[in-house]
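Working notes, structure below.
In this text, all values refer to a predicted model and were calculated from it rather than measured experimentally.
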Amino acid sequence: MVIFFAGGLGMASYLSRMPHVRDVLAASTGQLSLLVFALSLGSMTGMLAASHVDAWLGPRRSMLAFAVVQQGGLVVAAVGTDAGSYAAVAAGLATFGLGTGIVDVVMNVSAAAAEQARGRTVMPVFHAMFSLGTLAGAGIGSLAERYGVSMLAHLGGIVALDLLAVTLTNRWVPRPAPHADEPQGVRARLSAWTDRATLLIGVVVLGMALAEGSANDWLALTMVDGHGVDNSAGAAALGVFLGAMTLVRLLGVRLIDRYGRTPVLRVCAALAFAGLSLMIFVDDPALAFVGAGVWGAGAALGFPIGMSAAAADPRRAAARVSVVSTIGYLAFLVAPPVIGFIGEHSSLRQALLIVLVAVAAAGLLSGAVRERAAS
């Protein structure tokens, strides 16, 4: 739980200050989208490699080593921002993304091992801790923006906290139980990419990850540019989104155990659709804040439900989680530049129509995450 919190804290600490980054670099929306693309490309690379890294190093050493890579990239991005260097920011975000991609898969596989050991739904609680981290990061980012704190001073403290958290808790990271018939070798792990059930789960996670990721990347700027609020209020709107997401993730454990993954996911998709519609189609900033909250509630459970469904077979958990995570992170790779370029030529509010369609598709395909019948 501490590691999930640390991951969210680092991510949101930088993303909540994207309006500041845009101002310092004098970047257009399209140029800013390329920075997010660098972050996403690094994450995708890490996720593609994660199951192999986990097999070679084990979860504890993998998480510790690539947490250092992750936080080092964040420092480079902070220094680059303060120096006004677009190239340094892009390189730092790509490195941060690489470490994040590997740590993300490994921590989700370890969380699935803990969930299976308990014999009940736990995954939303781990993701709620990630959301609490992002909420704390957005709050700190809003304060840093208000008081004009430099990016290095702001993020240097965050990096120190994150590295301390990962180092101190590393010895307690769960190790998934070995299975005699677990696939061995690179080719065996890659075979998960041909499994139809795994790919369908990935498509569902893609739609819901887009609902979550597009808010992290563009919500603050959409409020500033599309609804006329100032930078600190834009960061606060991201906080509303993240707060709603955190609350629903904490409630999600009981909801999923009582009603099942598929019904809960359908309701979440409907809420995300409604919140996005308020953000896109209603001009009133107050209603846009409401929309941010409803959007956050709807985006809350898609990713943890997808991770639980992917890890349901413990023999192939790492490989399947890697596949589903990678497909889900296509949302973060493809969508940011697309949304940014559409926003450049029309508006960010209109660009979010892409997310609206993806959420509707995820709701329609939600049967893919249904629990297996007990034998």
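Counting heavy atoms from C-beta outward, V69 and I102 have side chains that stay 4.5 Å or more apart. At a threshold of 4.5 Å between non-hydrogen side-chain atoms, the residues L356 and S277 count as touching. Annotation: side chain of V224 is in contact with side chain of N231 (closest heavy-atom distance under 4.5 Å). At least one side-chain heavy atom of V355 sits less than 4.5 Å from a side-chain heavy atom of V359. Side-chain atoms of L9 and D162, non-hydrogen and from C-beta on, do get closer than 4.5 Å to each other.
If you take CG on N108 and CZ on F4, they are separated by 4.5 Å, rounding to the nearest 0.5 Å. The CE atom of M18 sits 8.5 Å away from the OG1 atom of T81 when rounded to the nearest 0.5 Å. Expressed to the nearest 0.5 Å, how far CE of M11 lies from CD1 of I158 amounts to 13.5 Å. In this structure, the separation between CG on L206 and CD1 on I201 is 13.5 Å, given to the nearest 0.5 Å. Within the model, atoms CG of L163 and OG1 of T167 stand 6.0 Å from one another, a figure rounded to the nearest 0.5 Å. Taken from CE in M129 to OG1 in T246, the straight-line distance is 9.5 Å, to the nearest 0.5 Å.
Using a 30° and 60° split on the angle between ring planes, F241 and W295 fall in the perpendicular class, above 60°.
Counting all heavy atoms, side chain and backbone alike, L155 lies closest to A78 at CD1-CB, 3.7 Å. Residue A88 comes nearest to G80 through the heavy atom pair CB-CA, 3.7 Å, listed as atom of the first residue, atom of the second, then distance. Across every non-hydrogen atom of P59 and S110, the tightest pair is CB-OG, 3.8 Å.
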Assess the residue pair L132 and R249 against the criterion (side chain to side chain contact (heavy atoms under 4.5 Å, CB included)); give the C-alpha distance rounded to whole Å, side-chain angles, the decisive distance to 0.1 Å, and a yes or no. CA-CA 10 Å; L132 281 172; R249 281 180 169 169; over 6 Å; no
Could you walk me through whether M279 and H227 pass the side chain to side chain contact (heavy atoms under 4.5 Å, CB included) check? CA-CA 9 Å; M279 181 67 63; H227 291 282; 3.7 Å; yes
Quick one, I305 with V204, criterion side chain to side chain contact (heavy atoms under 4.5 Å, CB included). Give me CA distance, side-chain angles, the key distance, then yes/no. CA-CA 10 Å; I305 284 176; V204 172; over 6 Å; no
Apply side chain to side chain contact (heavy atoms under 4.5 Å, CB included) to V166 and V103, showing your working. CA-CA 11 Å; V166 173; V103 171; over 6 Å; no
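Here the side chain of R349 pairs a donor or acceptor atom with the backbone of V282 at under 3.5 angstrom. With hydrogens and angles ignored, the 3.5 Å screen pairs a side-chain donor or acceptor of R60 with a backbone N or O of V173. Side-chain atoms of S366 come within 3.5 Å of backbone atoms of G363 as a donor-acceptor pair (strictly under, hydrogens ignored). Proximity of a side-chain donor or acceptor of S62 to a complementary backbone N or O of G58 within less than 3.5 Å is detected. For the pair T134 (side chain) and S131 (backbone), a donor-acceptor distance under 3.5 Å is present. Listed for the Y14 side chain is no donor-acceptor partner under 3.5 Å among the backbone atoms of L93.
In the hydrophobic clustering of ILVMFWY residues, with side-chain heavy atoms under 4.5 Å counting as a link, Y259 and V369 come out together. The cluster map of Ile, Leu, Val, Met, Phe, Trp and Tyr, joined by side-chain heavy atoms under 4.5 Å apart, puts V267 and F303 in different clusters. Under a hydrophobic clustering in which Ile, Leu, Val, Met, Phe, Trp and Tyr are joined whenever their side-chain heavy atoms come within less than 4.5 Å, directly or via other members, F289 and L278 fall into different clusters. V36 and V76 fall into different hydrophobic clusters, where Ile, Leu, Val, Met, Phe, Trp and Tyr are joined by side-chain heavy atoms under 4.5 Å apart, directly or via other members. Linking ILVMFWY residues whenever their side-chain heavy atoms come closer than 4.5 Å, directly or via other members, leaves L271 and M245 in distinct clusters.
Counted within 6.0 Å of CZ on F281, heavy atoms from surrounding residues, nucleotides or ligands total more than 12; the atom is thus considered enclosed.
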